[in-house]
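Okay, so here's the structure we're looking at.
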Amino acid sequence: MTTLTLSGRIKRIRYRNDDNSYTIAELVTDDTGVTIIVVGILAGIGLEDRLRLTGSWEKHTRFGDQFRITEYDMIFPETGEEIRTYLKRLGVKSLSNAKIRTLVERFGSETLEVIETTPEKVTGLKGFGKVTVENLREALTRQMEVKRLISFLKEHGIPVVHCAQIHKCYGTKAAERISGNPFDLLKDVPTIDFSTVDQAASALGIAEDDPRRLRACLLFALGQFASEGHVFAPRGDLLSRCMEKHHIEHEPLSEALSELKTQGHISAETLTKEGETIHAIYPKELFLAEQGIARRLAMMLSMPEEAPPVSRDEILETVLTKLAIKPSEEQLVTLEEILCHRVAVITGGPGTGKTTLVRSIAALCDHLRHETVMAAPTGRAARRITEVTGKKASTIHKLLKFDFKTGAFEHNRDKPLEGDVFIIDEVSMVDTLLMHRFLDAVPVDATVVFVGDIFQLPSVGPGNVLSDLIDSGRLKTYALTRIFRQAQESPIIMNAHRVRKGEFPDFEAKKESGLSEFYFIETGDPVKVMERVVELCTNRIPTTWDYNPLEDIQVLTPMHKGDVGTISLNNALQKALNAKGDAIESLGRTFRKGDKVMHLKNNYEKDVFNGDIGIISDVDKKEKTLEVDYEGRKVAYETEELDELTLAYAISVHKSQGSEYPAVVVPVTTQHYALLQRNLLYTAMTRGKELVILIGTRRAMEIALANNRPKLRLSYLDQRLAETP
DNA sequence: CCACTCCA
């Protein structure tokens, strides 16, 4: 790949991501006048802008040649004509072409500078009113602002990707604010990291032992611990992380930590965990949340328990008539007890009857005329409960009325939710902060039932909330371990339970009743694994088991990149399964009629949710729009909305959480070492209802089984709840 | 060194 430099003029912008300024544009080159496609981060540029680009040519199999930008510079308008074009594009209403010509004739190459710095010179000209000049100056300043900001960022080594966010946050004052305290960027621009800001700070002449630097370093490292799932960091680990990475001495760092505590940014707690003393450093917010959860639950638990509201016979009859299901003895006991508790937990793996229990509780609440509120952490999980119970459920965010602008929730302690019984499903996905906000908004005298499977993937945010609630021993927990008879004959479910315990799956387990099958194909080389996956999906599975490759088979993989990542697998599977037909391109992907796709963002208007999978039923090549069929429901997508879609022949294991498929194919190779975890393997294989095929190496399987990472998430909620009176 | 939610 050779790096080259070229210059030209932006003719058309085909795509622009406003968050990170990723742009695909057409550029007319100065040398040859040929139009080329340029791709990359281009902040603050517009039509007709002239640029000098550094980068290299890429040959894309479908889109042909495109120039990938690594570095760019704005060429400011210099010649009379360039300046005229530039001013025209500003679009100031009362500024006619004739006036623009007058301006450029009068001030020449200095026109722009004059307008900005000494507008009174322009007002002095005949025919230029005060308002026109002011509008012109404003429009120009706004344009130049971003361009100047970009130069400033480049000068200080801050990547231009952050430009849009910095400008949005600081506006006109950006350079001034950054020069004043570059470390503020860390709290104002969430995507930027300490090393980048540190480099800028050093360029700005900020001393290495500046307390602001040390505090920022600590807070950033603490944030990293949180993004790894920890609610707090052990003091020693936190300090050494900063010391090693950024060459800071222990003494001043320790002082900075004390300052952070005084300023109220962190909490320092001395905890005892398994006989060991830990000096725990919490981000203040997480400490308040953890403490809040414990206190709130303790308060709810202090309310007197109620007597069973209905007799066992009545329960039996209600469930029988409403659901046409005869509950087991164990389920009857649970149903009888559960509404007496203030807070209870139902947990269990697949096949243990969690869903039946939730449906029964909902039916029972209905029968008792309790006001029942149901919610889940994701849109799709919420819709699933709606489907199984026939009652409206929403995301927890929606329930609490999350305000997009302020980032706050409308419902809280001062404005509690209304309802008697709250059922929250998929609680394993709820993190510390959200749990706190939910509990804060629940009436103290309400009944809360948490439902979830602690062996699934841990929440994205920090904490082990569901496990901790159970481990505290304070909440009545119904751990459903009995696997129903039908499920007992299923090698998939039996192996899922082996994996839960960290045991190697038993591939000898033969199906006895034709319920399900479970296979392991040993293949070492990742490329071979990829080819094998394609072969299985296109030939082997459809012919042997009569599954439809699109509707019945789902490939699940831990990551996006690499030979066995979703991108590579999707390309290969698309080629093998759906190579012909009308296609449109969007952001480097090809969508073709007949493709299997997944929707990526909750869209209440369209009634499609993050994780919904459908088939492209129609493609309009001219308009660049398409239509997706979600199990019979057709949803239309405009060109700009195509970024909400992705190919879904292969999807990430994370995305599959909460869904089930007749057959799943799961690559397990050491190429995704970092993601080889027991929960991931467990989640992947429990998505399959009838057929599960794992492909990879025994070694990768063993690594995954041995890695019980969620157990290593640091939190104190379990003990805190146990200790809170 | 990787994955991911919510937000109209």
Side-chain angles (χ1 to χ4, degrees), chain A residues 19 190-191 193 224-229 245 289 375-384 393-411 424-438 441 452 456-466 526 556-569 598-612 640-641 644 646 650-659 666-684 700 703-704 707 709-710 712-713:
Chain A
D19 288 336
T191 49
D193 76 338
Q224 280 186 320
F225 273 92
S227 69
E228 289 157 25
K245 238 184 145 184
T378 67
R380 233 153 44 89
R383 191 168 62 181
R384 222 207 54 223
S394 63
T395 64
I396 300 175
H397 280 81
K398 250 186 114 121
L399 178 68
L400 302 181
K401 300 221 173 92
F402 182 81
D403 185 336
F404 187 50
K405 280 186 207 100
T406 61
F409 291 92
E410 199 183 306
H411 285 291
I424 310 296
D425 198 7
E426 299 281 9
V427 181
S428 61
M429 291 195 258
V430 178
D431 65 21
T432 307
L433 289 176
L434 189 60
M435 179 55 84
H436 179 228
R437 281 164 188 157
F438 167 71
Q456 286 210 28
L457 298 169
S459 57
V460 173
N464 269 318
V465 178
L466 182 61
L556 303 176
T557 172
M559 44 185 229
H560 294 307
K561 289 178 194 154
D563 298 314
V564 286
T566 57
I567 299 168
S568 143
L569 284 167
M598 179 166 61
H599 185 90
L600 295 170
K601 206 176 146 206
N602 288 357
N603 188 328
Y604 292 87
E605 224 171 77
K606 284 187 175 4
D607 195 30
V608 277
F609 291 91
N610 184 356
D612 283 354
E640 316 79 73
E641 294 172 322
E644 293 182 13
T646 182
I651 65 172
S652 70
V653 177
H654 280 86
K655 281 281 184 202
S656 74
Q657 172 141 298
S659 301
V666 186
V668 187
T669 77
T670 40
Q671 218 181 46
H672 22 63
Y673 191 89
L675 280 166
L676 287 176
Q677 309 169 45
R678 197 190 294 176
N679 306 55
L680 202 78
L681 184 61
Y682 172 80
T683 304
I703 294 169
N707 181 357
R709 198 158 81 178
L712 305 174
R713 286 186 164 207

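Below, read A as the first sequence line, B as the second, and so on, with proteins coming before strands; counting in each chain starts at 1. None of these values were measured; they are calculated from a predicted model.
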- prompt: How is Asp431(A) classified with respect to the nucleic acid when contacts are heavy atoms under 4.0 Å: base, sugar-phosphate, or nothing?
  reply: nothing
message: At 4.0 Å (heavy atoms only), tell me whether Met559(A) reaches a base, stays on the sugar-phosphate, or touches nothing.
response: sugar-phosphate
- prompt: Toward the 5' end of DNA chain B, which comes first, Pro558(A) or Thr395(A), by nearest nucleotide?
  reply: Pro558(A)
statement: Whichever of Lys398(A) and Leu600(A) has the more 5' nearest nucleotide on DNA chain B, that residue is Leu600(A)
field: Partners passing salt bridge (Lys or Arg N to Asp or Glu O under 4.0 Å) against Arg384(A) (at least two apart in sequence or in another chain)
entry: Asp425(A), Glu426(A)
Phosphate OP1/OP2 of [N] contacted by [X] side-chain N/O (<4.0 Å):
X: Ser652(A); N: dC4(B); result: yes
X: Ser459(A); N: dC4(B); result: no
X: Asn602(A); N: dC6(B); result: yes

- prompt: Residues two or more places apart in sequence or in another chain: which of them pass side chain to side chain contact (heavy atoms under 4.5 Å, CB included) with Lys398(A)?
  reply: Ser394(A), Thr395(A), Tyr604(A)
Of all the choices, [options], which nucleotide is nearest to the side chain of [X] once you look at every atom?
X: His654(A); options: dC6(B), dA8(B), dC4(B); answer: dC4(B)
X: Val460(A); options: dC7(B), dC2(B), dT5(B); answer: dT5(B)
X: His560(A); options: dC4(B), dT5(B), dC7(B); answer: dC4(B)

